[in-house]
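In what follows, chains carry the letters A, B, and so on, assigned in the order in which the sequence lines appear, proteins first and then strands, with residues in each chain numbered from 1. Scope of the values below: all heavy atoms of this structure, side chains included, with no hydrogens, waters or symmetry mates.
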2 protein chains.
Amino acid sequence: MAAPNDHSGEELTARQQAVLDAVLALMVEHGGDLTMTAVARRASCSKESLYKWFGDRDGLLAATVQYQASRVRAGNYDRTKLDASALRDSLVRFAANWLSVISSPTSIALNRFAIAQAGTRGSNLGAIMLANGRFAIGERLKPVLDAGREAGLIGFDDTETAFRTFIGLVGRDVQIRLLLGDALRLPAAEIERDAARATDQFLDLYGTGLSVLGRNPTNA
Amino acid sequence: MAAPNDHSGEELTARQQAVLDAVLALMVEHGGDLTMTAVARRASCSKESLYKWFGDRDGLLAATVQYQASRVRAGNYDRTKLDASALRDSLVRFAANWLSVISSPTSIALNRFAIAQAGTRGSNLGAIMLANGRFAIGERLKPVLDAGREAGLIGFDDTETAFRTFIGLVGRDVQIRLLLGDALRLPAAEIERDAARATDQFLDLYGTGLSVLGRNPTNA
DNA sequence: GAAAATCCGTACCGTACGTTACGGTTCCGT
DNA sequence: ACGGAACCGTAACGTACGGTACGGATTTTC
């Protein structure tokens, strides 16, 4: 009753998706100074329609964040034939995918918006980003880690702690540097290298004798 | 010539420092909606003085960031008597100090401001935060790592890579979660535990036989 | 084919805020 | 003691922008 439209689980028309695409493009291009007039002009629609469809500016931003989050969901990682090589491959692919996501201009712009808004009123953009970003990937990777543990390839007590160590090794200082405007370049080749390095370090820390062959390959 | 006042390396009067303290307090309390009127009222000064001292709003923000950065500089870490125990102590103290800094309300509020501003015009708040935060601590810790390598306690080819691995193990997802508004609590006891865990993991990855005694203590 | 609904483009309104201006007061140097 | 500089508090100005209203065009519905 408070909000004119509750877009929690509703479908979006193609026209409305086009509007959200325009919002994302403007976020990437012009950063934080995103005005309703600019959105309407970019999307070739009237401001009246914006307010009818999304309620107010915050509703438009929330819809944009959820819209983008719904497209990031990559394929799940199968846990068939889980030997040491398959586990490592899953982790490497996961790390590379996550690195490419957090280093994409869209993700950077969206996180900047959510962080800026988390600083002002305690709205929900930050919570949405966390739920669809950090916590969603946790729920997707933890089954892989648990399967690796059940197969005796890796060992740990707390899956959450192991997961956090992994994303720490993968992400390091990349996200904060990009958010602060550092001109850090992450070409595909470097993403692959970082993903492999982080995975090897993780297996070095948590692997049992079954999964890790040589010691200290990270020094190379 | 362009800016009314260039506060690059100038001294600040006590009155001006009180103003910046007021800015920091307002940032922590009320987040991003920081108005010049609120600053003047909080600091019990006139807006005219604010503009005379800091030029404009951006100048005030930049001065605040630099002012806070100049106070974070903790004591350097001595490299005397560098045995395995001293190296580990230095790393643990460093990690604990950095965790307490990045989880402090002031740091969170300041980083939110810098990130929000990095999203809009490409001003220098983000660069200042990076120079005084991420890169400053790198230059402080790298000598410790190099000394550890020279003593044969740890081994790596690239100091920068080793350092980035270390801060990844220490920080993990803490900073991004706090910036996005996650109600993550980091009491002193947990900071100490995390610092010790990260250091042990780092030594496990990069330590030679001289520094790490038992294998896989991180599983406990 | 007309009535109704939807939508675009634009103009408009109210407010918030950055910035400037000004009267009154305090403090310092001579 | 006197003049001036610095400063505080407040008022005023201009603009930007969120939100609303309206005329005209287009699409949908019966």
Side-chain angles (χ1 to χ4, degrees), chain A residues 1-7 10-23 25-27 29-65 112-113 116-117 119-121 123-125, chain B residues 2-5 7 10-23 25-27 29-65 112-113 116-117 119-121 123-125:
Chain A
M1 182 172 295
N5 258 330
D6 183 11
H7 290 274
E10 296 181 14
E11 301 293 334
L12 294 170
T13 69
R15 189 80 188 85
Q16 291 165 350
Q17 291 190 14
V19 170
L20 300 187
D21 282 327
V23 173
L26 284 177
M27 281 182 174
E29 292 172 17
H30 296 108
D33 49 355
L34 183 79
T35 71
M36 299 297 278
T37 302
V39 172
R41 189 162 40 217
R42 175 68 164 248
S44 293
C45 73
S46 71
K47 288 206 287 180
E48 191 178 17
S49 301
L50 292 183
Y51 285 100
K52 167 182 278 192
W53 292 334
F54 303 104
D56 56 5
R57 187 172 182 273
D58 282 353
L60 176 64
L61 294 179
T64 302
V65 171
R112 280 182 179 150
F113 252 92
Q117 207 216 327
T120 58
R121 48 216 185 287
S123 182
N124 41 7
L125 277 199
Chain B
N5 258 329
H7 290 275
E10 296 183 15
E11 301 292 333
L12 293 171
T13 69
R15 190 80 188 86
Q16 291 165 349
Q17 291 190 13
V19 170
L20 300 187
D21 283 326
V23 173
L26 284 176
M27 280 182 175
E29 293 171 17
H30 296 107
D33 49 356
L34 183 80
T35 70
M36 300 296 278
T37 303
V39 172
R41 188 161 41 217
R42 176 67 164 249
S44 294
C45 73
S46 72
K47 291 205 278 183
E48 192 179 17
S49 300
L50 292 184
Y51 285 99
K52 166 183 279 191
W53 292 335
F54 304 103
D56 56 4
R57 187 172 182 273
D58 283 353
L60 177 63
L61 295 179
T64 303
V65 170
R112 280 182 179 148
F113 254 92
Q117 206 218 328
T120 58
R121 49 219 183 283
S123 183
N124 42 5
L125 278 199

If the cut-off is 4.0 Å, is [X] near the phosphate of [N], judged by side-chain N/O to OP1 or OP2?
X     : N     : answer
B/S49 : D/dC7 : no
A/W53 : C/dC7 : yes
A/R15 : C/dC8 : yes

Measure the [atom1]-[atom2] distance between [X] and [Y] for me, rounded to the nearest 0.5 Å.
X     : Y     : atom1 : atom2 : result
A/T64 : A/D21 : OG1   : CG    : 9.0 Å
A/R15 : A/L20 : CZ    : CG    : 11.0 Å
B/Y51 : B/S46 : OH    : OG    : 11.0 Å
A/T35 : A/R41 : OG1   : CZ    : 7.0 Å

Please report, rounded to the nearest Å, how far the [atom2] atom of [N] is from the [atom1] atom of [X].
X      : N      : atom1 : atom2 : value
A/R57  : D/dT20 : CZ    : P     : 15 Å
B/Q117 : C/dG18 : CD    : P     : 13 Å
B/L50  : D/dA6  : CG    : P     : 16 Å
B/L60  : C/dC17 : CG    : C1'   : 14 Å
B/K52  : D/dA5  : NZ    : P     : 10 Å
B/E48  : D/dA6  : CD    : P     : 11 Å
A/H30  : D/dC17 : NE2   : C1'   : 16 Å
B/M36  : D/dT15 : CE    : P     : 19 Å

Smallest separation among heavy atoms of B/C45 and B/L50, with atom names:
SG-CD2, 3.6 Å

Can you check whether A/L34's main-chain N or O pairs, donor with acceptor, with A/R57's side chain at less than 3.5 Å?
yes

Got a sec? Which of residues 38-45 of chain B come in under 4.0 Å of DNA chain D, heavy atoms?
B/S44, B/C45

Between the base of D/dG9 and the side chain of B/K47, is there any donor-acceptor pair under 3.5 Å?
no

Whichever of A/T35 and A/S46 has the more 5' nearest nucleotide on DNA chain D, that residue is A/T35

Residue of the set B/V39, B/L60, B/V23, B/L61 for which side-chain contact (heavy atoms from CB on, under 4.5 Å) holds with B/F54
B/L60

